[in-house]
Amino acid sequence: MPNYRSWPFAEADKLIRRAQDLDPAKPVRFQTGFGPSGLPHIGTFAEVARTTWVRHAFETLAQRPTQLIAFSDDMDGLRKVPLNVPNREMLAEHIGKPLCHIPDPFGCCASYSAHMNAKLIEFLNTYGFDFTFQSSQEAYARGDFNEGLSILLAKAEQVRALIVPTLSEENQEDWFPFFPICENCGRVYTTRVTEYHPEDNTLEYACDGEVHGVMGCGHQARTSIFNGKVKVGWKVDWALRWYTYDIAYEMYGKDLIESARLSSRIIGVMGKRPPIGMVYEMFLDQEGRKISKSVGKGLTVDAWTTYAPIESLLYYLMQSPTKAKRLYWEIVPKCVDDYLGELRRYPALDPEQAPDSPAWHIYNRGQGVPAYGAGIDYTTVNNLLSALATDSADLVIEYLERYDPKAAGYPEIIRDLVDKALNYYRDFILPTKTYRKPAEEERRWLLDLRDRVIEYDGQSEDELQAIPFDIARENDVPAADFFRLFYEVVLGQDRGPRFGAFTMLVGKDKVADLIAQRCQEEPSGS
RNA sequence: GGGCCGUUAGCUCAGUUGGCAGAGCACCUGCCUUUUAAGCAGGGUGUCGCGCGUUCGAGUCGCGCACGGCUCACCA
C-alpha cells in the first residue's frame, strides 16, 4: 500500500487500526457536532471539509463504506440570549429550556433550533458536502439513546467520580449526569436529581434551581430517563453519542481537548472505546484573537466565496489544520494563486504522488481536477481590474486573453476569477474612487484628446498611444503628468492601462464619451 | 497551574522522507527614443528564538530553556 504523507492519510491510517474490530457490514462512522444556539460559521465549514477529506482518504485506503453524521445539540438549554438574533425579550422568557422547545425568534421555523438546523443543512448543502443530519432531540425521542442511558444510570456514581473533580466546589455536591426536563415549566437547567432508580430506569427530580436569574417552578416528579424526558450533561452526552452510533472518528477544536479526554473516559466506563480524534487549531482574526461565533469578526465563508473561488478556501483549510492561522482578507489573493499553482502542477504528478496534492483532496479524490495551464493568477486579474476601472467581465477577459493567449483554453476558471475579482472591485474599490475635476486648461487638453480619438480612423494601438504624447508635447506638459491627468479625471485613479491598447479594446467612442462626460461636469457643480 | 500552537528576510509566511536557506509583498537600480506602466531585467552578509544532544551532515529529529499567543482551569 502506498505511503501517503498528507495529513488526511495520516489520520486515515490511525482510523484503519481503530476500525479493525468494527462490524465490516456497517459503514465506519465519522461525526461532527454543532451547537445550534448560533448560526454556522467558518469553523463549522472547516470541520466538515476536513472530516470529509479524512473520510475520503480512509475510503481510498480501506475500501470500506463510511458515513458522516452531522449532529446538532438541539436538546441543549438556552443559557443566555445571543446578541445577534431578533426578539431577544421573547427569548429571555425561555432561558433554561431546550433549544428545540423555544419559538423561532426569526418567526419562520417550528423552533429556535429548527431554524438553526435548517440554516446548517442549507449551509452544508450549498457546498455539496455529503452528510447525514441528526438532531439530538429526535434521537432522544426516538429512543436511540435508551440503551446507553440505562448503562449511564447504572454507572452514575462512576461517571460522577470522573466529572465532579473538574467542577467548582459549589456545584460538586448536586451534580448528576442526568438533567431532567421539568414536565411543568419545560426547563432543563433548573432541575436537580434527588433520587435515581437504575432498576426501572427512572429518577426523581426537583425543579428548584436557578439559571441566569430564572428560577425553577418548584415542581417535583419521578420520570423515565427514556425517550427524551431526560438528557445527560455535556461531556456525558458526547460519550453517549459515540457509544450509541459507534463513532470511529471525530475532530474538534483545541478548546475541547479536556472535554474529549473526559468523554473518552466516560465511554470507557460504558464499555466501548472512544473514536480517533484530531485536534485542530482555532481561527484567529487579524489581531490574533479567536473568531467569535456571535460577533462578525474576521472573514466569513460567504465573504470568501463572494470574492474568491471556493476552492481557494478549501485549499486554505487543507493547509496545516493544527496550526493557528489568522483569517482576514489580505491572505486570500495569495491563497488563490497558490491554489492555481497546485492545479498547474497536478497533471505532471505521478499517480503515486497525486493523492498528496491538495487538489486531489479538494476535488473528491482527484476526480475532475480541472486543467489549468495559463499564467493568469488572481493578483493579475485584480491589478488589471483596478487599471481598467471597468465592471465588464467580457472586457477584462479580452484583455487577459491578449496578455496570455493560453487563458482562452480555460474559460471556466478564468471566468470565475474575473467574476469574483469584480465582486471585490465593486464592493471595495469602486466606492473609494474619486474623480478629480479638471482645471479649465486641463479640460481643453482632454477635450482635444477626445476630438483626435474620434477623428482617428486607423486600427493601430501605437498610433492611438501617440496621440496623448502629441498633445502633451504641444502644450509643454511632461507626458507622465498628462497620463496621470487622464487617469485621475477619467478613471478616478492615479494609474491605468496603456492608452492605446485600452482605447482599442474599450472602443474609441466609449473612451470619447467617458472623457466628455467627465469634462462636462462644471467645477461649480451647477 | 494543565494543554495546544508558534518563533525563518523590513512585512506575511513556505520549507514535503535530515542533504547548498526560499516565495509573495515592500524597497532599490536599470530598460523599452513613448507614462508614476496588469511590463521586462537585475538587487538578500537571514545569530532559521537560545542551549545541549543524535548524525558524515540539523531550519528539519531528541531533551531543556526563553519569549509570544491561544485554550481550559464557570457552563454546555
Side-chain angles (χ1 to χ4, degrees), chain A residues 3-7 33 35-37 73 75-80 98-99 136 163 165-171 175 179 188-189 211-212 231-238 253-262 279-291 319-326 328 330-331 333-335 337-338 341 353 356-358 375-388 396 399-400 402-404 421 461-470 472-473 477-488 493-502:
Chain A
N3 185 24
Y4 300 126
R5 292 194 309 262
S6 54
W7 65 263
S37 58
D73 283 308
M75 277 278 274
D76 285 6
L78 179 68
R79 195 158 283 279
K80 54 186 174 185
L99 294 164
S136 179
I163 298 277
T166 69
L167 301 175
S168 61
E169 278 186 30
E170 67 259 35
N171 289 331
W175 193 87
F179 289 72
V188 64
Y189 288 152
V211 55
H212 271 75
K231 76 183 286 292
V232 290
W234 154 230
K235 295 161 190 110
V236 188
D237 219 355
W238 206 3
K254 75 169 181 188
D255 53 327
L256 295 184
I257 290 172
E258 286 302 318
S259 299
R261 202 164 282 161
L262 269 174
V279 177
Y280 57 82
E281 265 283 355
M282 308 278 98
F283 290 104
L284 309 176
D285 66 15
Q286 188 157 14
E287 281 73 43
R289 287 176 305 230
K290 178 182 170 182
I291 287 181
Q319 309 299 122
S320 31
T322 56
K323 197 163 151 178
K325 290 197 297 282
R326 287 185 290 168
Y328 52 99
E330 281 72 14
I331 64 160
K334 182 176 161 51
C335 267
D337 292 352
D338 288 350
Q353 293 174 324
D356 277 330
S357 163
I376 306 290
D377 59 24
Y378 192 62
T379 311
T380 313
V381 177
N382 278 310
N383 288 342
L384 174 60
L385 213 46
S386 103
L388 291 181
V396 176
Y399 248 97
L400 289 172
R402 267 164 54 94
Y403 174 68
D404 179 2
E461 282 178 16
D462 288 343
E463 285 171 17
L464 278 167
Q465 176 76 2
I467 296 174
F469 280 99
D470 290 343
R473 198 179 309 115
V477 179
D481 289 353
F482 184 70
F483 278 106
R484 184 165 60 178
L485 167 68
F486 174 76
Y487 298 135
E488 287 179 347
Q493 58 199 27
D494 60 2
R495 290 183 176 196
R498 272 182 184 272
F499 183 82
F502 176 72

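Letters A, B, ... are given to chains in the order of the sequence lines, protein chains preceding strands, and every chain is numbered from 1. From a predicted model like this one, the values you see are computed outputs, not experimental measurements.
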**OP:** Between B/A76, B/U71, B/C4, spot the one nearest the side chain of A/E281, thanks.
**Re:** B/C4
Original post:
Quick one: which of B/C75, B/U35, B/A38 gets closest to the side chain of A/L167?
Top reply: B/C75
Subject >> Whole-angstrom distance between B/C74 and B/G6, as gauged at atom C1' >> reply: 28 Å
**OP:** Quote, to the nearest angstrom, the P distance that separates B/A9 from B/A21.
**Re:** 15 Å
Original post:
Side chain of A/Y487, base of B/U36: donor and acceptor closer than 3.5 Å?
Top reply: no
Original post:
Between B/C67 and B/C31, how far is it from one C1' atom to the other, in whole Å?
Top reply: 47 Å
Original post:
Counting side-chain heavy atoms from CB outward, which of B/G2, B/C5, B/U35 is closest to A/E258?
Top reply: B/G2
Subject >> Straight-line distance of A/L99 CG to A/R79 CZ, nearest 0.5 Å >> reply: 11.0 Å
Original post:
Are A/K323 and B/A14 close enough that a side-chain N or O sits under 4.0 Å from OP1 or OP2?
Top reply: yes
Original post:
NA contact type, A/T322, heavy-atom cut-off 4.0 Å: base, sugar-phosphate, or nothing?
Top reply: sugar-phosphate
Original post:
Given atom CZ of A/R484 and atom P of B/U36, what is their separation to the nearest angstrom?
Top reply: 9 Å
**OP:** Please evaluate the base of B/U17 for a donor-acceptor partner in the side chain of A/R5 within a cut-off of under 3.5 Å?
**Re:** no
Original post:
Want to settle it: does A/I331 or A/A466 sit nearer the 5' end of RNA chain B, counting the closest nucleotide to each?
Top reply: A/I331
**OP:** Can you tell me, in whole Å, how much space there is between the P of B/G2 and that of B/G64?
**Re:** 13 Å
**OP:** Remember a base hit wins even if backbone is also touched, and classify A/F179 as base, sugar-phosphate or nothing at under 4.0 Å, heavy atoms.
**Re:** sugar-phosphate
**OP:** May I ask you to say what A/R79 touches in the nucleic acid, namely base, sugar-phosphate or nothing, with a heavy-atom cut-off under 4.0 Å?
**Re:** sugar-phosphate
Original post:
Less than 6.0 Å separating the ring centroids of A/Y487 and A/F499?
Top reply: no
Original post:
Taking the side chain from A/D73 and the backbone from A/G35, do they hold a donor-acceptor pair closer than 3.5 Å?
Top reply: no
Subject >> From B/C4, B/U35, B/A76, nucleotide with atom closest to A/K254 side chain >> reply: B/C4
**OP:** With the side chain of A/M282 defined as its heavy atoms from C-beta on, choose the nearest nucleotide among B/C70, B/C72, B/U12.
**Re:** B/C70
Original post:
Starting at CD of A/E330 and ending at C1' of B/C25, how long is that distance when rounded to a whole Å?
Top reply: 12 Å
Original post:
When the P atoms of B/G24 and B/A66 are considered, how many whole Å apart are they?
Top reply: 38 Å
Original post:
What is the nucleic acid contact for A/K80, judged by heavy atoms within less than 4.0 Å: base, sugar-phosphate only, or nothing?
Top reply: nothing
Subject >> Between P of B/C70 and CG of A/D255, the distance in whole Å >> reply: 14 Å
Subject >> Under 3.5 Å on both distances, the Watson-Crick or G-U partner of B/G57 >> reply: none
Original post:
A/F469 stacking on B/U34: centroids under 5.5 Å, ring planes under 30°?
Top reply: no
**OP:** Quick one: look up who B/C20 pairs with, Watson-Crick or G-U, both distances under 3.5 Å, and put none if it's unpaired.
**Re:** none
**OP:** Can you measure from CH2 (A/W234) to CG (A/L256) and round to the nearest 0.5 angstrom?
**Re:** 5.0 Å
Original post:
What distance do A/I257 atom CD1 and A/L262 atom CG have between them, rounded to the nearest 0.5 Å?
Top reply: 12.5 Å
Subject >> Identity of whatever pairs with B/G10 - Watson-Crick or G-U, under 3.5 angstrom >> reply: B/C25
Subject >> Length of the CD1-P vector between A/I163 and B/C75, whole Å >> reply: 10 Å
Original post:
What integer number of Å spans the C1' atoms of B/G18 and B/A58?
Top reply: 6 Å
Original post:
So which one's nearest nucleotide on RNA chain B is more toward 5', A/L256 or A/F483?
Top reply: A/F483
**OP:** State the pairing partner of B/C4; accept Watson-Crick or G-U wobble contacts with both distances under 3.5 Å, and report none otherwise.
**Re:** B/G69
Subject >> Over all atoms of both residues, closest heavy-atom pair of A/Y378 and A/P333 >> reply: CD2-CA, 3.7 Å
Original post:
Could A/D337 and A/K334 be called an ion pair, given the rule that one side-chain N must be under 4.0 Å from one carboxylate O?
Top reply: no
Original post:
If the P atom of B/U47 is compared with that of B/G53, how far apart are they to the nearest Å?
Top reply: 23 Å
Subject >> Rounded distance in Å - CD (A/Q319) to C1' (B/U12) >> reply: 15 Å
Original post:
Between B/G62 and B/U54, how far is it from one C1' atom to the other, in whole Å?
Top reply: 7 Å
Subject >> Partner nucleotide of B/C40 by Watson-Crick or wobble geometry (both distances under 3.5 Å) >> reply: B/G30
Original post:
Nearest-Å distance, CG (A/L464) to P (B/U35)?
Top reply: 16 Å
Original post:
In Å, rounded to the nearest 0.5 Å, how long is the span from CD1 of A/I467 to CG of A/L464?
Top reply: 5.0 Å
**OP:** Would you kindly check whether a donor in the side chain of A/K334 faces an acceptor in the base of B/C25, or vice versa, at under 3.5 angstrom?
**Re:** no
Original post:
Checking all strands, does A/F499 fall into the base, sugar-phosphate, or nothing category for heavy-atom contacts under 4.0 angstrom?
Top reply: base
Original post:
Considering every strand shown, what is the Watson-Crick or G-U wobble mate of B/C63 when both distances are under 3.5 Å?
Top reply: B/G51
